[in-house]
Amino acid sequence: MAELALYNTFSRKKEIFTPADPNRVTMYVCGPTVYNLAHIGNARPVVVFDTLNRVLRSRYPNVIYARNITDIDDKIIEAARSAGTDIKDVTDEFTAKYREDMGNLNTLIPDIEPHATDNIGPMLDLMERLLAGDHAYVAEGHVLFAVDSMAEYGQLSGRSLDDMLAGARVEVASYKRHPGDFVLWKPSSDDEPGWESPWGRGRPGWHLECSAMIKAHLGDTIDIHGGGRDLIFPHHENERAQSCCAYGGEFVRYWMHNAYLDMDGEKMSKSLGNVRTVRELLQSYRGEVLRFALLSAHYRSELTFSESLLDNAKSALDSFYSALRQVADTAPEAVEASETAVAQALLDDLNTPQAIAELHAVSKRLNKAEEAAIPRLKGELLAAGKLLGLLQHDPVDWLTSGLSSGSGEGLSADEIEGQIAARAAAKADKDFAAADAIRDALASAGIVLEDSAAGTTWRRQ
RNA sequence: GGCUCGGUGGCAGAGUGGUUAUGCAGCGGAUUGCAAAUCCGUCAACGCCGGUUCGAUUCCGACCCGAGCCUCCA
């Protein structure tokens, strides 16, 4: 079997992926803090690691993919306060919407979705160990991690404590022994959510949950830990510090981080008003179009997100589905996804642009294939598409149905078929002016006609 | 200021020490009543300056420009 190469943030190079236990491959990806809707930037790691999950599953018999739900955080508290509702209402609502939105991007459901609030026990255990090992201390109701207790702190993000101090631009709380120390546990006031602990009623700091949940659900060492680039520091650096100091041994074998996407060359930010939620985009584009767009750049490169990117993604998918519609009556041959050129491309650190190029190549061969070659090529296109989480819709449905939202459906299929029949009659009478008038009318309603020897097919633009 | 990563044809976006990425757009052709779709062909790129080399977009150095991180932002 060809080897899978992955870029490891820790070593800063591509490495051949060899799981610690080929019969139990483990991957943990940082999930959402559930206090608002996921935007398209949030969706990038979800789609990227979903694709990696698919590749891993095509190679290993047992893959355990965990993605957490962070349901306790100061931003959630704030969101609930300003909405005048309960925290649970906020987290339930946005957890459900997150699952729905990500499902629409055709992502497989993770094997485990641990919630932070269900794992307070493991967090308390983790802190006890850190305190016992002198890696943490208690100050003014807080439990803090002592960064200078770890010689190699900063190794993942490639920065030294001195570097960090040189650039410090944040006020340091007086109870910290070292300015780089971070909070493991903080006290809660009566109107804030909290749990009893040996250090008083409080709640976890940002990084604690992931270390505790990885330990509780996946074990001491995991194969892959993923997330957005911005998480390298401080989040993953601190997770690593917590886990390594509490449990010793190797924590994560391969660290993977995706780059940002930018909106038409600008950073997506609330102040620029260019934040686009997945939910909003799904009003105008099907989830598979968003997924294709997100995969059209390599995950470690910045992706320029724009309307034209989405339009291109839609055209590409339309052409694949058109190729499949042409051969709808031919049964595909069973093709092993791992034997396709698309799989080869993905094995090289998830080179999705190359994989998409290979998809185009297969589609092109299918378009001009002789009868005997069709089953094999169709099978290849479908199997390769599945590895990318694409092309699994019925081609006719894809090309003729409107958006899933149901809005702007326009003409019904029956009406369109009726017009096509009328046009065929006009053409038979050599009344091309009438035939073209029908075609133009349909075109302005967003319906494209395609004539062939076998008859006329249509699709929505 | 510190650390990190980039600058590829009109646009998006891979890759490589010497030979076409790919897609969209453009141009020419086949096909079509005309189109659309499809197919064939075609144009066009590697920030700037040096260095290494028989040869550099690819390696090295300087410079210019851009992006990200530097305590809760994917």
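Quick note: numbers below take in every heavy atom, side chains included, and nothing from hydrogens, waters or symmetry partners. This is a predicted model, so every value here is computed, not measured.
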Visitor: Using a cut-off of strictly less than 4.0 Å between a heavy atom of the residue and any atom of RNA chain B, enumerate the qualifying residues of residues 307-326 of chain A by number.
Guide: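 The answer is A/L309, A/N312, A/S319.
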
Visitor: Take atom P in B/A14 and the same atom in B/U71, then report the distance between them in whole Å.
Guide: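 It comes out at 30 Å once rounded to the nearest Å.
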
Visitor: Quick one: is B/G23 close enough that its OP1 or OP2 comes under 4.0 Å of any side-chain N or O from A/K364?
Guide: yes

Visitor: Determine the Euclidean distance between corresponding P atoms of B/G7 and B/G26; express it in Å to zero decimal places.
Guide: 28 Å

Visitor: Is it possible for you to check whether A/R240 lies under 6.0 Å from the centre of the six-membered ring of A/W255, through NZ or CZ, and within 45° of that ring's axis?
Guide: no

Visitor: Tell me whether the OP1 or OP2 atom of B/A14 has a side-chain N or O from A/S301 closer than 4.0 Å.
Guide: yes

Visitor: Could you measure between the two C1' atoms, the one in B/A35 and the one in B/G68, and give it in whole Å?
Guide: 48 Å

Visitor: Starting from the 5' end of RNA chain B, give me the residue, A/A259 or A/N351, whose nearest nucleotide shows up first.
Guide: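 The answer here is A/N351.
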
Visitor: What's the gap between B/C11 and B/C34 when it is taken at their P atoms, as a whole Å value?
Guide: 36 Å

Visitor: Only pairs with both distances under 3.5 Å count, Watson-Crick or wobble alike; so what is the partner of B/G33 in this structure?
Guide: none

Visitor: What does B/C69 pair with, Watson-Crick or G-U, if both distances are under 3.5 Å?
Guide: B/G2

Visitor: Less than 4.0 angstrom between a side-chain N/O of A/N367 and OP1 or OP2 of B/C39, yes or no?
Guide: yes

Visitor: Compute both the distance and the angle, then confirm whether A/R44 meets the cation-pi test with A/Y260: under 6.0 Å from the six-membered ring centre, within 45 degrees of the axis.
Guide: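 Checked: cation-pi criterion not met.
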
Visitor: Within this structure, what is the CG-to-P distance between A/L366 and B/A37, rounded to whole angstrom?
Guide: 18 Å

Visitor: side-chain hydrogen bond (donor to acceptor under 3.5 Å, both in side chains) with A/R291: which of A/N104, A/D50, A/N106?
Guide: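 Going through A/N104, A/D50, A/N106 one by one, the side-chain hydrogen bond (donor to acceptor under 3.5 Å, both in side chains) with A/R291 is satisfied by A/D50 alone.
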
Visitor: By the 4.0 Å heavy-atom rule, please label A/R159 as base, sugar-phosphate, or nothing.
Guide: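 Base contact.
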
Visitor: Going by the side-chain hydrogen bond (donor to acceptor under 3.5 Å, both in side chains) test, name the single residue among A/H257, A/R229, A/H236, A/H225 that passes it with A/T9.
Guide: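 Looking at A/H257, A/R229, A/H236, A/H225, the match for A/T9 under the side-chain hydrogen bond (donor to acceptor under 3.5 Å, both in side chains) is A/H257.
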
Visitor: Considering only atom P, compute the distance from B/C49 to B/A30 and round it to an integer number of Å.
Guide: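 Pairwise P distance, B/C49 against B/A30, rounds to 44 Å.
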
Visitor: When A/D348 is tested against each of A/H298, A/Q354, A/K14 for side-chain contact (heavy atoms from CB on, under 4.5 Å), which residue passes?
Guide: A/K14

Visitor: Hey, are A/H39 and A/T277 close enough side-chain-wise for a donor-acceptor pair under 3.5 Å?
Guide: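 Absent: no donor and acceptor within the cut-off.
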
Visitor: If we call it a pair only when both distances are under 3.5 Å in a Watson-Crick or G-U wobble match, what pairs with B/G9?
Guide: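 Looking at the geometry, B/G9 pairs with no nucleotide.
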
Visitor: Between the base of B/A35 and the side chain of A/R439, is one N or O donor paired with an acceptor at under 3.5 angstrom?
Guide: yes

Visitor: Would you classify A/G158 as touching base, sugar-phosphate or nothing, given that sugar-phosphate means primed atoms plus P, OP1 and OP2, and contacts are heavy atoms under 4.0 Å?
Guide: sugar-phosphate

Visitor: I want to check one thing: is the phosphate of B/G13, taken as OP1 and OP2, less than 4.0 Å away from some side-chain N or O of A/T304?
Guide: yes

Visitor: Please determine, for the side chain of A/P353, which listed nucleotide (B/G23, B/U71, B/A14) has the closest atom?
Guide: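 Closest nucleotide to the A/P353 side chain: B/A14.
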
Visitor: Quick check: A/F320 with A/H360 (ring centres under 6.0 Å apart)?
Guide: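 Here the rings of A/F320 and A/H360 have centres that are less than 6.0 Å from each other.
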
Visitor: Between A/F49 and A/R67, is there a cation-pi geometry (under 6.0 Å to ring centre, at most 45° from the normal)?
Guide: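 No, a cation-pi geometry is absent between A/R67 and A/F49.
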
Visitor: Are any side-chain N or O atoms of A/E237 and backbone N or O atoms of A/P234, one a donor and one an acceptor, separated by less than 3.5 Å?
Guide: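 Answer holds: no.
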
Visitor: Please evaluate the base of B/C5 for a donor-acceptor partner in the side chain of A/R229 within a cut-off of under 3.5 Å?
Guide: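 When only heavy-atom distances are counted, A/R229 does not reach the base of B/C5 through any donor-acceptor pair under 3.5 Å.
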
Visitor: When you compare B/G10 with B/G6, how far apart are their P atoms, in angstrom units rounded to a whole number?
Guide: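 Taking atom P in both B/G10 and B/G6, they lie 23 Å apart.
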
Visitor: Roughly how many Å apart are B/A56 and B/G50, using the C1' atom of each and rounding to a whole number?
Guide: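 Their C1' atoms lie roughly 13 Å apart.
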
Visitor: Suppose you measure atom C1' in B/U53 against the same atom in B/C69; what distance do you get, rounded to whole Å?
Guide: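 Looking at atom C1' only, B/U53 and B/C69 are 38 Å apart.
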
Visitor: Over all strands shown, is A/D74 touching base, sugar-phosphate only, or nothing at heavy-atom distances under 4.0 angstrom?
Guide: nothing

Visitor: Tell me which nucleotide, if any, is Watson-Crick or G-U wobble paired with B/A21 when both distances must be under 3.5 Å.
Guide: none

Visitor: If each of A/D73 and A/V448 is mapped to the nucleotide of RNA chain B with the nearest heavy atom, which maps nearer the 5' terminus, i.e. the 5' end?
Guide: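 In this pair, the answer is A/V448.
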
Visitor: Going by purine N1 to pyrimidine N3 plus the second Watson-Crick contact, or the G-U wobble pair, all under 3.5 Å, which nucleotide sits opposite B/C27?
Guide: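 B/C27 is paired with B/G41.
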
Visitor: On the nucleotide B/C34, are OP1 or OP2 found under 4.0 Å from the side-chain N or O atoms that A/K427 carries?
Guide: no

Visitor: Can you tell me if the side-chain N/O atoms of A/Y260 get under 4.0 Å from OP1 or OP2 in B/C69?
Guide: yes

